[in-house]
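Remember, it's 1-based here, ligands and their atoms both numbered in the order they're listed. Quick caveat: nothing in here was measured; it's all calculated off a predicted structure.
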Amino acid sequence: MDNKRFFYTEVLRDILSEKCSMNTIKNNIDESDRAFFNMLFMTTFRNLTFIKKEVLSLFVKKKIPSKQSILKYILYLGAVEILFLEKPVYAVIDSYVEIAKKKTDKYGANFVNAVLRNIARNKEDIIKNRKTKYFSDDFIKLLKTDYSKAEIAEIEIFANIEPKLDLTFKIEKTPKNIEYIELPWGSYRLKSDVKVSSIEGFHEGDFWVQDASSSMAVNVLDMDLENKKILDLCAAPGGKTAQLLARGAIVDAVDVSAERLKTLRENIKRLKLGDKLNITCCDALEFCSKEKFDIVLVDAPCSATGTFRRHPEIIHTRTVEDVKKMSLIQKKILEKASSLVKPLGMMVYATCSLSKQEGEFQILEFLDKNKDFEITPINNDKLGNIITKEGFLRILPQHLKDFSGTDGFFVACLQRKN
Ligand SMILES: C[S@@+](CC[C@H](N)C(=O)[O-])C[C@H]1O[C@@H](n2cnc3c(N)ncnc32)[C@H](O)[C@@H]1O
């Protein structure tokens, strides 16, 4: 019995039904198995729409009964291994047939055997005739609310481009002994996969891992932050907290997740940036403070659709309903955050969602109800086409297409009137 594939089949089912996340599982997998697990799952999520629409539809003619739904996940993984991974095909088929037998019965096993053997026999034609790209119908529906067909097609290209790692360095530090590209927005993009902890300067705390887009929420603050009092209301794991501290700010970092705050603490400790940091674990809506802040940063929880390159499971799990649900939470956090901004102070709102309901529209609705706030237009010559007519930052993966893409991201800067 192939215990690993047996386990992976259950994991795939659980990730697709949002019972667990890819990251949690990855962290609990033996280091020796992690590379294969990662490759298998990333390839599966990137190609699942194709597998469902064009591959299984050829050979599965009857609906799989819900009691035997595990057979679907067995077929997804089997098809991916046969079509995309360089594994001995008949050994792979035998493994999945055995899993099907264990999970269902001999009919289930025969069914898996027949379908996978058909896929293996027709592999070349299946690949040659491929028409479907990567996004699921639900994901396209979600994007259609805000983007044209042509824009969605451009975004979709990046679902199959392996994202590179970006590093943010402390102001006076630069990378040494690694191959990198300096991105126009200030981050350094690694040219090849390396273990981050082996990069020179890691143990000294010179840099941290942060997607270039994500770093923009703080990079847009075109002012001296030395000793400014800043509230980072959704702070963990602390990428933006580190940027603020590195620029000399006094930061109150708040997050509802104790586990993620543990990571924030560890990161800030390695970066030796903890002197002006105060951490509180609580719901943003319950955060109390006697004083108000010069700047409140709301890097809000969101549908995270902009991170589909690194988290391709999102392509199959996010729906319009998720966007609605998250936008209600963001609305409440925004209201709370705004009550903590000093007169003439700033509020920066950011999300890694592609959805305008969690970005542009969220802020326009906020401004409609809160006349004491106004937009501070983001203004930077280097940014050009990523600034909207209202003065927001709307980053799409294709905005760094010459550098193999970036995460989708939104930033708005608002000022409280006197
Ligand atoms: C987008 S992440 C923040 C990333 C972080 N700012 C960074 O740059 O590393 C959103 C964070 O919001 C936190 N969060 C979600 N709901 C919250 C709430 N009601 N109050 C406070 N934090 C919340 C999550 O735990 C998560 O860490």
Side-chain angles (χ1 to χ4, degrees), residues 21 23-24 165-168 185-187 196 207-221 225 230-247 249 251-271 273-274 277-289 293 295-308 310-311 314 318 322-323 325-340 347-355 358-359 362 393 395 406-412:
S21 78
N23 272 355
T24 340
L165 219 55
D166 297 339
L167 306 179
T168 302
W185 308 340
S187 305
V196 175
F207 66 86
W208 56 101
V209 174
Q210 183 178 39
D211 187 82
S213 296
S214 176
S215 71
M216 294 309 289
V218 174
N219 287 351
V220 295
L221 292 169
L225 297 185
I230 302 186
L231 172 63
D232 187 354
L233 208 44
C234 300
K240 296 172 194 74
T241 315
Q243 283 178 286
L244 297 168
L245 290 165
R247 286 174 60 181
V251 181
D252 266 86
V254 175
D255 202 284
V256 75
S257 160
E259 203 182 321
R260 286 169 71 90
L261 277 176
K262 187 169 167 254
T263 313
L264 179 144
R265 267 193 200 93
E266 286 162 7
N267 287 339
I268 300 296
K269 187 170 172 211
R270 176 180 64 81
L271 296 169
L273 286 172
L277 174 66
N278 185 38
I279 299 173
T280 310
C281 182
C282 76
D283 189 314
L285 303 180
E286 267 139 44
F287 177 72
C288 293
S289 164
F293 294 83
I295 300 174
V296 178
L297 170 62
V298 183
D299 187 18
C302 69
S303 63
T305 45
T307 67
F308 69 84
R310 251 176 262 283
H311 304 288
I314 281 176
R318 293 297 186 270
D322 293 315
V323 169
K325 194 175 98 195
M326 294 317 292
S327 80
L328 291 176
I329 297 173
Q330 292 149 12
K331 208 181 285 301
K332 288 187 188 157
I333 299 183
L334 256 175
E335 287 293 339
K336 171 73 186 192
S338 66
S339 71
L340 293 160
M347 179 160 75
V348 180
Y349 172 82
T351 60
C352 57
S353 168
L354 294 168
S355 183
E358 298 179 87
Q362 181 73 272
L393 210 64
I395 306 177
T406 191
D407 283 353
F409 209 73
F410 173 82
V411 187

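Contact record, Val411 with Ala217: CG2-CA, 3.9 Å, taken as the closest heavy-atom pair. Heavy atoms only, all atoms of each residue included: Ala235 and Ala253 are closest at CB-CB, 3.7 Å.
Between Leu264 and Leu277 there is a side-chain heavy-atom pair separated by less than 4.5 Å. Contact check for Asn267 versus Pro237: side-chain heavy atoms found under the 4.5 Å cut-off. Asp211 is not listed as a side-chain neighbour of Phe409, based on a closest heavy-atom distance of 4.5 Å or more.
Of the charged side-chain nitrogens involved, at least one lies within less than 4.0 Å of a carboxylate oxygen, so that Lys262 and Glu266 count as a salt-bridged pair.
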**Study point:** Chi angles and distances behind the side-chain contact (heavy atoms from CB on, under 4.5 Å) call for Leu225, Ile295
**Key:** CA-CA 10 Å; Leu225 297 185; Ile295 300 174; 3.8 Å; yes
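Looking at Cys282 against ligand 1, only its backbone comes within 4.0 Å, counting heavy atoms. Contacts of Lys240 with ligand 1, taken as heavy-atom pairs under 4.0 Å, involve both backbone and side chain. Contact annotation for Ser214 and ligand 1: no heavy atom of the residue comes within less than 4.0 Å of the ligand. Under 4.0 Å from ligand 1, the heavy atoms of Leu233 that appear belong solely to its backbone.
Using a 4.0 angstrom heavy-atom cutoff, Asp255 counts as in contact with ligand 1.
Checked against a 3.5 angstrom limit, the closest N/O atoms of Val254 and ligand 1 fall outside it. Distances between N or O atoms of Leu285 and those of ligand 1 include no value under 3.5 Å.
Atoms of ligand 1 found under 4.0 Å from any heavy atom of Gly238, numbered from 1 in the order shown, are 7 (C), 9 (O). Heavy-atom proximity to Ser257, at under 4.0 Å, picks out these atoms of ligand 1: 25 (O).
Atom 23 (C) of ligand 1 has its closest protein heavy atom at Val256 CG1, 3.5 Å. The protein heavy-atom contact nearest to atom 20 (N) of ligand 1 is Ala284 N, 2.8 Å. Remark: minimum distance from atom 12 (O) of ligand 1 to any protein heavy atom is reached at Cys234 CB, 3.3 Å. In terms of protein heavy-atom proximity, atom 15 (C) of ligand 1 is nearest to Pro301 CG, 3.5 Å. Of all protein heavy atoms, the one lying nearest to atom 19 (N) of ligand 1 is Asp283 OD1, 3.1 Å. Atom 6 (N) of ligand 1 has Asp299 OD2, 2.7 Å as its closest protein atom, hydrogens excluded (heavy atom only). In this structure, atom 27 (O) of ligand 1 lies nearest to the protein heavy atom Arg260 NE, 2.6 Å.
Using a 3.5 Å distance cut-off with no hydrogens or angles, the side chains of Glu358 and Ser303 do pair a donor with an acceptor.
When each of Leu167, Val220, Thr168, Asp166 is checked for a side-chain contact (heavy atoms from CB on, under 4.5 Å) with Ser215, only Thr168 meets the rule.
Residue nearest to atom 3 (C) of ligand 1, selected from Pro237, Ala235, Ala236: Ala236 (by heavy-atom distance).
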